[in-house]
Amino acid sequence: MKTGFYPRLAFDGIRKNARLYIPYMLTCAGMAALYYIIVYLQYNAAVAALPGSNVVLGTVALGEKVIAVFSGIFLFYTNSFLIRRRKKEFGLYNILGMGKGHISIILLWETLIAALFSLSIGLCAGIAFSKLAELGMVNLLMGTVNYRLSLPPQAILKTLAVFSVIFGLLLLNALCQIRFLGALSLLHSETVGEKPPKGNLLLGLLGLVLLAAAYYTAVTLEDPVAALVYFFGAVILVILGTYLTMISGSVVFCRFLQRRKRFYYQPAHFVPVSSMVYRMKRNGAGLASICILSTMVMVMISSTASLYFGMNDAMKRRYPREMNITCILQDPEDLSDENIRSLQSRISAAAQSCGIEPKEAYAVRSVYFSGHLNRDLVETDISMQSFFANADSQMYQLYFVPLADYNASMGTDHTLADNEAYLSLGSSQRFDYPYDTLSIQHGNTFQVRGILQDFMEDGGARAVIVPGLNIIVPDLEQAVSGLEDLAYFGGNRLITPRWICSFDTGADPEIQAALAGKLGELFGDPALREQYGLTSFSCENREANRADFLTMYGGFFYLGIMLSLVFVAAAVLIMYYKQISEGYEDQLRFGIMQKVGMTDREIRRSVNSQILTVFFLPLLFSACHLAFAFPILSRLLLLFNIDNTRLFLAVTAVCFCVFAAFYTFTYRVTSNAYYHIVRGGTD
Amino acid sequence: MQILEVNSLKKVYAGRFGGSRVEALKNVSFRVERGEYVAIMGESGSGKTTLLNILAALDKPTGGSVILDGLALSKISDTAAAAFRRDHLGFVFQEFNLLDTFTLEDNIYLPLVLAGKSWRDMREKLMPIAARLGITDILKKYPYEVSGGQKQRAAVARAMITQPRLILADEPTGSLDSRSTDELLRLFAEVNRLGQTILMVTHSVKAASSAGRVLFIRDGEVFHQLYRGGDSDAQFYQKISDTLTLLATGGRTEREAAQ
């Protein structure tokens, strides 16, 4: 045969199936562009110059792998759809005398053309938007911007390599599919009679049970650490539950409707309900995928955005004041008034020498230890086993705080008699303690006077994964008595005396850093440490830690946006192909209904209601998922020091609204394509 | 009494970009009386299906008029046409045109459901028809589970359940084996005897020979017609067959000879 014959045939094939091919190639292009951008960022000087760039680069590298793998899976899905629709054409070629070898050559050319087209567009778009992406990232992470355009060859080569592999695999898959089919089955592959789906009640119910279990877990888990552990379990339950419910449950539900004669035999329900059964059987998996993708997008964006926008809050919680000094001392006696006063005056002197007048200062002494809170008893005998596995008691970091320090820092005048105590979990957290007394194993028993809601932020306690419980006592030394000589299973002493002192400076970050350095140097002196009984001294400067927060939270946010783009593209394409394939299936049905006497408007309305249901079911489901994920997510955010539920709620609501608007827009566009196809069959 | 009147019907298909024009119907005129059983015969491409589509108000003629039960079909709107099809016409197609997502029962109910009838009414109407067509036992089955003959009987039931003024059949025996064909034709003759008007398009001599009158269409025109009179099926079959031979060999009818 003449040269140029195959390319022309392949090109014609693409042109005639433009409605299928163009979205496919655009998706390929989009994926390639995103991949290029994310690789580009790794080779970018401005990003490398960001503070904490290694954290950012690590996050970006993770994103690169996710995008590569996901592109592969996803393009496979869309490509198999293309092949299925084109089997008829290939069957015809086969009958007209073309061998499978010839068809393979056509497929090869088609793949080449598609690859060339989508990669060139993808790379152009990637290069065009890479600078924007870089500026976005640098801005988000508050680095310095430059306006030079760079074209790292590694990024281009890497993109080409990854997508060549993907296209190669796609071609291989298509060839396999053609190879194992006979000519006639190729020709008729679209019109095989289909059994009416019998929904599996058991599977449908199982789906609902899984969802219920996941929702229950998400809503009831109070403890952030447990939330972290169970979150992924809940995610898997939700994914399984969604798939089962959508595939089986929906069919069972339609069957149930069909059995209710009075409902079923109405013009508005008759056709929609009976076709829905088939639609759900065919599309259940696709719908579930759309639902999961949508949920992932919304969860990802809302939580990472909350992290990013709540960063200042998080920093204030972790570092309540600009300067946060923590002294760990040897013995409870080292917390004596004169010792502490002397420490404080040294710190004040150092601050004044830097021109800083401490503001909003507070200082709190405490003695802390770990224990299992079991009903009204704190167990201090902690073995290796009980440390790791203890179902009915909760591990706490317990802080004895003298009432005087509490009153001084909070500006209150509470009073306590001997052997009385107040309990407090720390700032504005509810704590339900139903018992009258609190006993410490080997130690004292306190009458609980009440629960104090407010307490100074304790940044150090925030950094510990175990929740902290403050026991406010009239006299520290007396409270500790009996515990002094106890030790953990590792041999370390049980109790630790600690003094924290925090204050604002109102000075520039450089001066703050200078003060922090000066204090570190001062208390690094062994003689001085000996004098005060200091075992460790740390001065945490909020401004100095800002960059770390920024790179971590900003990096997450950025990655969240990038991955969301990928997932949204995937969801849109699945929707589009779903509409198209249904359009072709409905073409015939549409004609029959018209002949039987349905008006154009009636058909349109019936079809509309089905499409609408099928379309917005995933959105409804993902809204539901999101609503139930909200409590567990807000608890997870606590681990990242984000405790602003209102901010998270607002961000989530905005995310959902934007997504829903986008979803509706997609619906409009794709349903136009659908009507176009259905109409084409009747003209 | 006249039920259908077709006057100098004309249908021209223009090529998509104004290219070649195809004249599917040139000048077709005929009448159908109430209670008649008329077959329209012709080769492939003679315009049979076009004619049927126009009669069903699925297509608009280029010229001429169709008056069904006193109503000029070419003048009414699409929506009214759909309602008219639903209430006054029954369809039987070669490809059965049953929806594969419905059971046979639901397929038969379709026109009634669209007309807003209650399930009880529909069931009352269906039972005698189903009994007469011998499909009572398979009503709960899906189209893919039954034979071609059974599908066609279900389609006939769907056509009859609205008690239409006219049943339009498009090659109803085209996809059936000979046994099912005999059965269907016997059925048509029987409903016709009970007063049902039937207009059937076919190119099967056998099918046509069960009708009371046969119209022959060639190149978009009614070329000839035959009345059964007192003939038996076999005699009528012979006459139709002779006429077709004449048509195929390019013979002229008496009318043309007289001119």
Side-chain angles (χ1 to χ4, degrees), chain A residues 188 190-198 251 254-255 257-283 582 585-607 610 679-683, chain B residues 16 52-53 56-59 76-93 95-103 105-123 126 140-146 151 155 158-159 161-162 164 168 170:
Chain A
H188 293 302
E190 271 185 45
T191 52
V192 189
E194 194 175 6
K195 285 187 184 179
K198 295 218 167 48
V251 172
C254 287
R255 285 269 172 239
L257 288 183
Q258 277 184 323
R259 246 171 273 133
R260 298 186 47 204
K261 308 274 186 218
R262 193 169 299 180
F263 174 86
Y264 178 48
Y265 289 108
Q266 275 180 23
H269 304 144
F270 190 54
V271 177
V273 170
S274 64
S275 343
M276 273 299 274
V277 182
Y278 286 84
R279 251 179 240 274
M280 288 314 294
K281 181 196 165 200
R282 268 192 299 264
N283 296 318
E582 293 198 349
E585 278 158 15
D586 287 348
Q587 227 175 33
L588 189 77
R589 225 167 281 151
F590 196 79
I592 297 177
M593 287 191 226
Q594 216 174 19
K595 281 176 187 156
V596 174
M598 250 175 141
T599 60
D600 202 44
R601 220 167 53 102
E602 276 172 334
I603 297 175
R604 211 186 152 106
R605 210 167 45 199
S606 131
V607 163
Q610 294 173 55
R679 276 290 154 68
T682 56
D683 287 345
Chain B
R16 178 169 280 199
L52 205 70
N53 280 342
L58 286 168
D59 206 347
I76 60 176
S77 70
D78 282 352
T79 313
F84 182 82
R85 274 201 294 280
R86 196 165 64 208
D87 299 336
H88 300 288
L89 295 178
F91 289 91
V92 182
F93 305 93
E95 296 296 340
F96 319 126
N97 275 357
L98 297 175
L99 292 169
D100 50 6
T101 54
F102 284 123
T103 57
E105 182 176 5
D106 288 351
N107 262 297
I108 298 170
Y109 286 156
L110 187 60
L112 289 183
V113 172
L114 293 178
K117 295 276 190 299
S118 77
W119 182 67
R120 201 177 297 271
D121 288 357
M122 294 193 295
R123 191 150 180 89
L126 173 63
K140 292 286 174 214
K141 294 201 184 262
Y142 282 83
Y144 79 97
E145 294 174 301
V146 301
K151 276 189 225 176
R158 182 177 65 187
I161 199 162
T162 52
L168 294 174
D170 186 3

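Chain letters run A, B, ... following the sequence lines, proteins first, then strands; residues in each count from 1.
For the pair A:Phe270 and B:Phe102, the minimum side-chain heavy-atom distance is below 4.5 Å.
Contacts between B:Leu112 and chain A at a heavy-atom distance below 4.5 Å are absent for every atom of the residue. Contacts of B:Phe93 with chain A are made by side-chain atoms alone, with heavy-atom separations under 4.5 Å and no backbone atom involved. With a 4.5 Å cut-off on non-hydrogen atoms, B:Asp106 touches chain A through its backbone and its side chain both.
Classification of the B:Trp119-A:Tyr265 ring pair by plane angle, with boundaries at 30° and 60°, yields parallel.
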